[in-house]
Every structure is written in structure tokens, then in C-alpha cells.
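Working notes for the structure below.
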Amino acid sequence: MLRTENKQDDNVARALERLRLSAEERELAEKYLNGEVSEEALTGIKFRNLTTMAQSQEHYKPFWVVFESYFLKRRFEEAARLLHLLYAISAYTCSECFLYTRSFKEVVEKGELQIDRGMALA
């Protein structure tokens, strides 16, 4: 089980690298994802337009892997935290980080992912 957790942590770290966060922003992001700070702490992170940061959506593939794993394992609380982080960093452009938006929307519509439906389904 510990090996699985380490692999998941590595996948999240790999995904966060794609956002080009400063060292301070990355530390804050990791603290948020671990539940050490509240969502309000994310207001200090600089906005990034994810539609213009990469040559293709493939750049964000590490996020696809992480969200797919969270959904398959029904780890919706962690998926919600990651979505909140992405939204705090990039607002609506965080949609670039989702390959299967249809399955993501289904999870939101079923109420399994505890996030603001308006934000997620926009």
C-alpha cells in the first residue's frame, strides 16, 4: 500500500511540474493538497493561462493519470482538492488538464466529487 501511495505522490509531483510554479508556490500547493493549509492560502499563487502554456494538451497528461487514478479508486476528496488547486492557479483554463471531461462531469453530476458544480461544469 505504501508503494502505491508513493507512486501516486510521484504522479502528483510530476503533474505539478507542468504548471511551472515557483518553489514557494509549489510548497504551498503541496501543503494544500496534503490538507495542511486551507484554500484561502492559494490566493497568493500567480495566475497561469493553461491554454497558452503548452504546445499541446499532451503537456498536461500527468494530470490525466492522477485524475484517472483518483476516480478509479473513488478518492474524490483528493480529486476535489487537486481541482480546487488547479482552479485557483488557472481559473477556467484548468480544463486543459482533463482528457475525459465527459467522465469528469458525470462524477460531478452524481455528487460524488464535492466541489462547486457551477465551477466544474462551466
Side-chain angles (χ1 to χ4, degrees):
M1 184 67 174
L2 183 59
R3 219 165 79 197
T4 302
E5 289 299 317
N6 288 339
K7 183 177 180 189
Q8 187 68 20
D9 290 345
D10 290 345
N11 288 338
V12 171
R14 199 171 305 114
L16 289 177
E17 288 173 5
R18 302 301 173 119
L19 299 176
R20 300 180 189 141
L21 301 174
S22 70
E24 293 168 347
E25 290 173 327
R26 186 179 174 101
E27 183 179 341
L28 182 60
E30 290 171 355
K31 284 182 177 181
Y32 174 72
L33 292 174
N34 291 327
E36 297 171 31
V37 297
S38 69
E39 191 172 348
E40 289 78 34
L42 301 177
T43 58
I45 295 180
K46 182 181 126 197
F47 172 78
R48 286 157 176 82
N49 183 338
L50 301 187
T51 60
T52 60
M53 270 182 60
Q55 294 288 330
S56 74
Q57 195 179 24
E58 190 78 15
H59 176 80
Y60 301 110
K61 188 174 183 176
F63 285 103
W64 308 344
V65 172
V66 171
F67 277 109
E68 179 85 10
S69 174
Y70 283 158
F71 291 159
L72 287 174
K73 295 174 183 172
R74 304 189 61 77
R75 293 169 65 173
F76 299 122
E77 185 177 328
E78 290 165 278
R81 289 189 79 75
L82 183 56
L83 175 64
H84 284 134
L85 172 65
L86 288 171
Y87 194 81
I89 293 170
S90 61
Y92 69 91
T93 69
C94 71
S95 64
E96 293 292 310
C97 296
F98 302 99
L99 178 61
Y100 304 111
T101 54
R102 183 171 167 255
S103 61
F104 175 77
K105 287 182 178 184
E106 288 173 5
V107 171
V108 172
E109 288 170 348
K110 289 179 185 175
E112 294 174 327
L113 188 59
Q114 299 303 309
I115 58 170
D116 181 300
R117 292 187 75 221
M119 177 182 75
L121 300 177

**Prompt:** Could you give the distance from CG (L86) to CG (L16), rounded to the nearest 0.5 Å?
**Reply:**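 These two atoms lie 8.0 Å from each other.
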
**Request:** Enter the distance from N11:CG to E68:CD here, rounded to the nearest 0.5 Å.
**Result:** 12.0 Å

**Request:** Using only heavy-atom distances, determine whether the side chains of E24 and S22 contain a donor-acceptor pair under 3.5 Å.
**Result:**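 Their side chains do not contain a donor-acceptor pair, so the 3.5 Å distance test is not met.
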
**CA sep, side-chain torsions, deciding dist, call: T52, T93, side-chain contact (heavy atoms from CB on, under 4.5 Å)** = CA-CA 9 Å; T52 60; T93 69; over 6 Å; no

**Request:** Let me see the working for Y70 and V12 under side-chain contact (heavy atoms from CB on, under 4.5 Å), right down to the final yes or no.
**Result:** CA-CA 11 Å; Y70 283 158; V12 171; 3.6 Å; yes

**Item:** Side chains of L28 and L21 in contact at under 4.5 Å (non-hydrogen atoms)
**Value:**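 Answer no - side chains too far apart.
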
**Prompt:** Under a 4.5 Å cut-off applied to non-hydrogen side-chain atoms, are I89 and C94 in contact?
**Reply:**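 No, side chains not in contact.
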
**Pairs satisfying salt bridge (charged side-chain N to carboxylate O under 4.0 Å, His left out), at least one member in residues 44-53, at least two apart** = E25-R48

**Request:** Please lay out, stage by stage, how F63 and L19 fare under the test side-chain contact (heavy atoms from CB on, under 4.5 Å).
**Result:** CA-CA 10 Å; F63 285 103; L19 299 176; 3.8 Å; yes

[X] versus [Y], closest heavy-atom pair with distance:
X: A15; Y: P62; answer: CA-CB, 3.5 Å
X: H84; Y: Y32; answer: CB-OH, 3.2 Å
X: F67; Y: A79; answer: CE2-O, 3.5 Å

**Asked** With sequence neighbours left out, what residues match R26 under salt bridge (Lys or Arg N to Asp or Glu O under 4.0 Å)?
**Response**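 For R26 the salt bridge (Lys or Arg N to Asp or Glu O under 4.0 Å) partners, ignoring immediate neighbours, are E30.
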
**Item:** Contacts of R18 that satisfy salt bridge (Lys or Arg N to Asp or Glu O under 4.0 Å) - sequence neighbours left out
**Value:**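 Once residues adjacent in sequence are excluded, R18 has no partner under the salt bridge (Lys or Arg N to Asp or Glu O under 4.0 Å) criterion.
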
**Asked** With hydrophobic residues grouped by side-chain heavy-atom distances under 4.5 Å, do F71 and V66 end up in a single group?
**Response** yes

**Asked** Any link between V65 and L83 through a network of hydrophobic side chains (Ile, Leu, Val, Met, Phe, Trp, Tyr) touching at under 4.5 Å?
**Response** no

**Prompt:** Looking only at atom types and distance, does a side-chain atom of R75 sit under 3.5 Å from a main-chain N or O of S69, one as donor and one as acceptor?
**Reply:** no

**Request:** In sequence, state the C-alpha distance, the side-chain angles, and the governing distance for E27 and K31, and then conclude on salt bridge (charged side-chain N to carboxylate O under 4.0 Å, His left out).
**Result:** CA-CA 6 Å; E27 183 179 341; K31 284 182 177 181; 3.5 Å; yes

